[in-house]
Amino acid sequence: MFFFFYLGLFVMIIFILQAVAFLTLLERHFLGGSQCRIGPNKVGYSGIFQAVFDGLKLIKKEQLFLCYSSWFSFLFMPMCGFILMVFFWFTLPYFFVFFSFEYSGVFLFCLMGVSVYFVMFSGIFSGGGYAFLGSLRSCCQSYSYEIAFSIYFLVFLLFNKSLSLFSSFCLFFFLFFFPFFCLVLVDLYRAPFDFSECESELVSGFNVEYSGVGFAVLFLGEYGNLLYFSFLMSSLFFNMSFFFFYFIVCLIVFSRSAYPRFRFDMLMSLCWLWFLPVGFYFFGMSFLVFLFCLFSLIFSMM
């Protein structure tokens with residue numbers, strides 16, 4: 001039993017890494033097309049080996065350490081973030097029930113709460129002031145929007161009447177597809193909400209001191225989470241359709257080239273003055289529907 005478990009885990013990690021490689025290539029082609037320029041097309045056939053050689057180039061780079069950095073913790077945090085990204089994939093409702101388990105929705109809440117600490121500790125253990133400020137900025141953003149994300153996600157759990165994730169479809173869900181998509185962009189630190197990696201202001205934010213293997217592992221974790229949340233939205237809104245999974249990935253990529261970055265105070269105001277009130281409204285409606293179904297069931301049994 002353990003052999004098949006570890007074999008399945010190994011196969012899943014291999015497929016995630018391959019998907020991340022092709023996702024980066026797809027993103028660079030899409031961004032090139034949106035800016036009327038050619039994307040990567042020199043390495044291999046139409047640039048298909050570009051992601052592989054980019055990874056090899058990162059591995060060959062040297063990792064430098066600041067004099068006040070904790071080198072073991074500094075290198076250990078990206079690996080923890082990558083392992084946490086793999087744990088996210090265990091919560092999805094697969095076609096086979098080998099990885100799916102009960103209370104996967106609660107497990108997803110726990111993983112999202114823990115993921116912020118790796119961002120925070122990556123900036124702290126770097127030993128640099130800019131990395132520390134970037135980590136504080138990222139934690140502020142994550143903690144605020146995780147509250148709104150949890151409220152919206154509880155609506156799905158109430159309608160499913162279960163704490164596990166499985167395929168569901170309801171027309172009511174499309175009312176908050178756009179706010180949920182914006183919350184996913186914020187949790188993924190994607191443009192126009194990429195305040196954790198503001199290249200134009202902070203060079204790279206909390207990971208400014210990383211290079212080589214450390215940066216490659218952070219990069220894999222970030223894009224692995226992008227694929228996971230795209231598949232999660234496809235499961236929640238479109239009954240696990242692969243076509244809509246690709247559609248959501250394209251939306252996330254095109255949002256990087258279509259919209260400018262907000263100011264940080266506008267981002268916080270958007271959370272506390274818009275996302276949270278709307279989330280409480282949807283949660284109240286779903287809770288009333290849940291109580292109505294519960295009382296109807298009780299009266300029918302009497």
Side-chain angles (χ1 to χ4, degrees), residues 1-24 76-122 142 145-147 149-169 173 180-181 183-190 216-242 244-246 248-249 252:
M1 182 64 183
F2 287 104
F3 171 75
F4 290 106
F5 174 78
Y6 288 117
L7 178 62
L9 178 62
F10 176 75
V11 172
M12 185 176 68
I13 293 176
I14 294 299
F15 277 109
I16 291 173
L17 295 179
Q18 289 182 347
V20 167
F22 285 106
L23 175 61
T24 57
F76 186 63
M77 284 299 109
M79 185 56 65
C80 290
F82 178 78
I83 295 173
L84 188 72
M85 180 270 295
V86 176
F87 283 164
F88 270 109
W89 287 87
F90 283 96
T91 63
L92 286 176
Y94 294 97
F95 296 109
F96 49 93
V97 295
F98 186 72
F99 283 131
S100 302
F101 58 94
E102 197 175 3
Y103 306 118
S104 56
V106 180
F107 187 59
L108 176 61
F109 284 134
C110 298
L111 291 177
M112 291 192 64
V114 173
S115 62
V116 185
Y117 291 99
F118 299 116
V119 176
M120 178 175 62
F121 290 140
S122 297
S142 298
Y145 276 87
E146 276 183 11
I147 301 173
F149 183 89
S150 302
I151 294 172
Y152 280 86
F153 195 74
L154 282 173
V155 176
F156 290 101
L157 300 183
L158 285 175
F159 266 86
N160 293 332
K161 304 180 184 64
S162 174
L163 293 177
S164 62
L165 299 177
F166 57 89
S167 300
S168 59
F169 182 80
F173 291 165
F180 194 84
F181 176 74
L183 291 173
V184 168
L185 286 180
V186 176
D187 288 328
L188 294 174
Y189 306 118
R190 298 287 299 184
V217 175
L218 283 173
F219 184 79
L220 291 174
E222 177 183 345
Y223 276 82
N225 286 331
L226 189 153
L227 289 171
Y228 166 77
F229 279 100
S230 300
F231 203 90
L232 178 66
M233 290 188 65
S234 173
S235 174
L236 295 176
F237 289 99
F238 305 107
N239 201 17
M240 200 180 291
S241 170
F242 285 99
F244 286 103
F245 163 72
Y246 179 74
I248 293 170
V249 170
I252 294 175

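Here, residue 1 is the first one in the sequence, and each next residue gets the next number.
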Counterpart residues, side chain to side chain contact (heavy atoms under 4.5 Å, CB included), relative to Tyr117 (two or more places apart): Met120, Phe121, Tyr143

For Ile252, all residues meeting side chain to side chain contact (heavy atoms under 4.5 Å, CB included), sequence neighbours excluded: Phe181, Leu185, Leu188, Arg190, Leu226, Ser230, Ile248

Listed partners of Ser115 passing side chain to side chain donor-acceptor pair (under 3.5 Å), at least two apart: none

Student check: side-chain heavy atoms of Val184 and Leu232 closer than 4.5 Å: no

Closest non-hydrogen atom pair between Val217 and Pro78, with its separation: CG1-O, 3.2 Å

Test log, rule side chain to side chain contact (heavy atoms under 4.5 Å, CB included), inputs Asn225 and Tyr189: CA-CA 10 Å; Asn225 286 331; Tyr189 306 118; over 6 Å; no

Aromatic contact, Phe90 with Phe107 (centres under 6.0 Å):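 No - the distance between ring centres of Phe90 and Phe107 does not fall below the 6.0 Å cut-off.
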
Tyr246 ring center near Phe242 ring center (under 6.0 Å):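 They do not qualify: ring centres at least 6.0 Å apart.
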
Those residues that, when tested against Tyr228, pass ring-ring contact (aromatic ring centres under 6.0 Å, His included) (two or more places apart): Phe88, Trp89

All ring-ring contact (aromatic ring centres under 6.0 Å, His included) counterparts of Phe76, not counting sequence neighbours: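 Expected list: Phe72.
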
CZ (Phe109) with more than 12 external heavy atoms under 6.0 Å: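 Counting other residues, nucleotides and ligands, CZ of Phe109 exceeds 12 neighbours.
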
Extract all donor-acceptor atom pairs below 3.5 Å that involve side chains of residues 149-156 and protein atoms in other chains or at least two apart in sequence.
residue, atom, partner, partner atom, Å
Ser150, OG, Glu146, O, 2.7
Tyr152, OH, Phe275, O, 3.1
Tyr152, OH, Gly279, N, 3.4

Test ring-ring contact (aromatic ring centres under 6.0 Å, His included) applied to Phe245 and Phe231, Phe238, Phe229, the passing residue: Phe231

